Each structure stands twice: as structure tokens, then as C-alpha cells.
Engineer: 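Next up is a structure, given as C-alpha cells.
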Amino acid sequence: MSKDEIFNKIADIIADRFEVDRDKITLDLNFKTDLDADSIDFVEFILELEDTFGAEISDDAAESLNTVGEAVDYIASNSAKK
């Protein structure tokens, strides 16, 4: 799966889960500051990423994911559905 495909899937999840205009989602979008995501929102988002991409995301790895771009890179490197 290409990084563009991963980005598009992640952007769709964010648009749906956080009610954000799909066109405003960029690689630089920060989960915590731009989405006002609390810890429960973020954990649910990480679980949805795991389900969508078949990737195991450890708690330590999840804490290091701050932007959409970082999530795309992580999924590209760790996804079972390549």
C-alpha cells in the first residue's frame, strides 16, 4: 500500500471520527492540538488504525505519533496489509 493510499484512509477516518472537513487534513495536522483530541479519542483512533491496517501499535509508538504524517510513516513501516 502506498503512502498516498495510507494517507487517504487515515484522512477518511479522521474526517469521520473527528468531524473535520476532509480537505483540511494534511500531513502536518497534529492530533492533539489541531483536533482537540482527548486521550480517549486518541486511543479509539489508534485502535481503528490497527483494525484498518492490521498494524500493531504499541503504547509507546502511539505516544510518539503526533501528526498525520508520522502516522502514515508508521503504518507504511509496520502494516501487515502491504
Side-chain angles (χ1 to χ4, degrees):
M1 183 176 289
S2 74
K3 285 190 176 186
D4 282 341
E5 292 170 315
I6 293 168
F7 169 78
N8 285 323
K9 284 188 178 209
I10 291 175
D12 289 342
I13 292 168
I14 291 169
D16 183 53
R17 177 170 290 282
F18 297 101
E19 299 177 1
V20 174
D21 184 348
R22 175 71 170 75
D23 296 333
K24 294 190 188 315
I25 299 170
T26 67
L27 291 171
D28 295 326
L29 183 129
N30 186 291
F31 299 121
K32 294 168 182 119
T33 59
D34 296 332
L35 296 177
D36 292 327
D38 64 23
S39 58
I40 293 171
D41 292 332
F42 189 67
V43 168
E44 290 174 347
F45 171 69
I46 293 298
L47 292 173
E48 191 164 353
L49 289 182
E50 288 180 330
D51 289 345
T52 300
F53 296 103
E56 189 72 32
I57 304 173
S58 70
D59 291 344
D60 288 341
E63 287 179 21
S64 72
L65 300 178
N66 296 306
T67 66
V68 172
E70 290 171 359
V72 169
D73 290 342
Y74 184 87
I75 295 296
S77 299
N78 297 285
S79 176
K81 299 178 181 177
K82 291 184 179 180

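Here the structure is a predicted model, which means the values were calculated and not measured.
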Engineer: Is there a side-chain contact between T26 and V68 (heavy atoms, below 4.5 Å)?
Structural biologist: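 No, every pair of side-chain atoms sits at 4.5 Å or beyond.
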Engineer: Does any non-hydrogen side-chain atom of K9 lie less than 4.5 Å from one of T52?
Structural biologist: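 Yes. Closest side-chain heavy atoms under 4.5 Å.
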Engineer: Are more than 12 heavy atoms from other residues, nucleotides or ligands located less than 6.0 Å from atom NZ of K24?
Structural biologist: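 No, NZ of K24 has 12 or fewer neighbouring heavy atoms, counting only those of other groups under 6.0 Å.
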Engineer: Under a 4.5 Å cut-off applied to non-hydrogen side-chain atoms, are F18 and I13 in contact?
Structural biologist: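 Of all side-chain heavy-atom pairs linking I13 with F18, none is under 4.5 Å.
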Engineer: Rounded at 0.5 Å granularity, tell me how far CD in E48 sits from CZ in F53.
Structural biologist: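 These two atoms lie 9.5 Å from each other.
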Engineer: Working to the nearest 0.5 angstrom, can you tell me the gap between S64 OG and D59 CG?
Structural biologist: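 It comes to 11.0 Å.
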Engineer: I need the minimum non-hydrogen distance between A62 and I57, along with the two atoms involved.
Structural biologist: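 For A62 and I57, the tightest heavy-atom pair comes out as N-CG2, 3.8 Å.
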Engineer: Mind checking what makes side chain to side chain donor-acceptor pair (under 3.5 Å) contact with D16, not counting sequence neighbours?
Structural biologist: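 Listed in chain order: nothing, the list is empty.
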Engineer: To the nearest 0.5 Å, what is the distance between CG (D34) and CD1 (I25)?
Structural biologist: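 If we round to the nearest 0.5 Å, D34:CG and I25:CD1 are 10.5 Å apart.
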Engineer: Determine whether more than 12 heavy atoms belonging to other residues, nucleotides or ligands lie under 6.0 Å from atom CG of D38.
Structural biologist: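 Enclosed: over 12 neighbouring heavy atoms sit under 6.0 Å from CG of D38.
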Engineer: Would you check, one step at a time, whether the test side-chain contact (heavy atoms from CB on, under 4.5 Å) holds for L65 with F45?
Structural biologist: CA-CA 11 Å; L65 300 178; F45 171 69; over 6 Å; no
Engineer: Please lay out, stage by stage, how R22 and D12 fare under the test salt bridge (Lys or Arg N to Asp or Glu O under 4.0 Å).
Structural biologist: CA-CA 7 Å; R22 175 71 170 75; D12 289 342; 2.8 Å; yes
Engineer: Between E5 (side chain only) and M1 (backbone N and O only), is there a donor and an acceptor less than 3.5 Å apart?
Structural biologist: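 A pair under 3.5 Å: no.
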Engineer: Going by side chain to side chain donor-acceptor pair (under 3.5 Å), name the residues that satisfy it together with K3, two or more places apart in sequence or in a different chain.
Structural biologist: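 Checked K3 against side chain to side chain donor-acceptor pair (under 3.5 Å); matches are D73.
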Engineer: Within the side chain of E56, is there an N or O that forms a donor-acceptor pair under 3.5 Å with the backbone of E50?
Structural biologist: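 Between the backbone of E50 and the side chain of E56 there is no qualifying donor-acceptor contact (under 3.5 Å).
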Engineer: Distance from I10 atom CD1 to F31 atom CZ, nearest 0.5 Å?
Structural biologist: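 Rounded to the nearest 0.5 Å, the CD1-CZ separation comes to 6.5 Å.
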Engineer: Could you state the interatomic distance from CD1 (I75) to CD (E70), rounded to the nearest 0.5 Å?
Structural biologist: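 If I round to the nearest 0.5 Å, the distance is 12.5 Å.
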Engineer: Would you say that L35 contacts N30 through its side chain, given a criterion of any heavy-atom pair below 4.5 Å between the two side chains?
Structural biologist: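 The answer is no, as the side chains (C-beta and beyond) never meet within the 4.5 Å cut-off.
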Engineer: Please determine which of L27, N8, T67 meets the side chain to side chain contact (heavy atoms under 4.5 Å, CB included) test together with V72.
Structural biologist: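 Output: one option passes, namely L27.
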Engineer: Can you measure from OG (S58) to CG (D60) and round to the nearest 0.5 angstrom?
Structural biologist: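 Rounded to the nearest 0.5 Å, the OG-CG separation comes to 5.0 Å.
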Engineer: Other than L47, which residues form its hydrophobic cluster under the rule that side-chain heavy atoms must be closer than 4.5 Å?
Structural biologist: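 Noted: L47 shares its cluster with V43.
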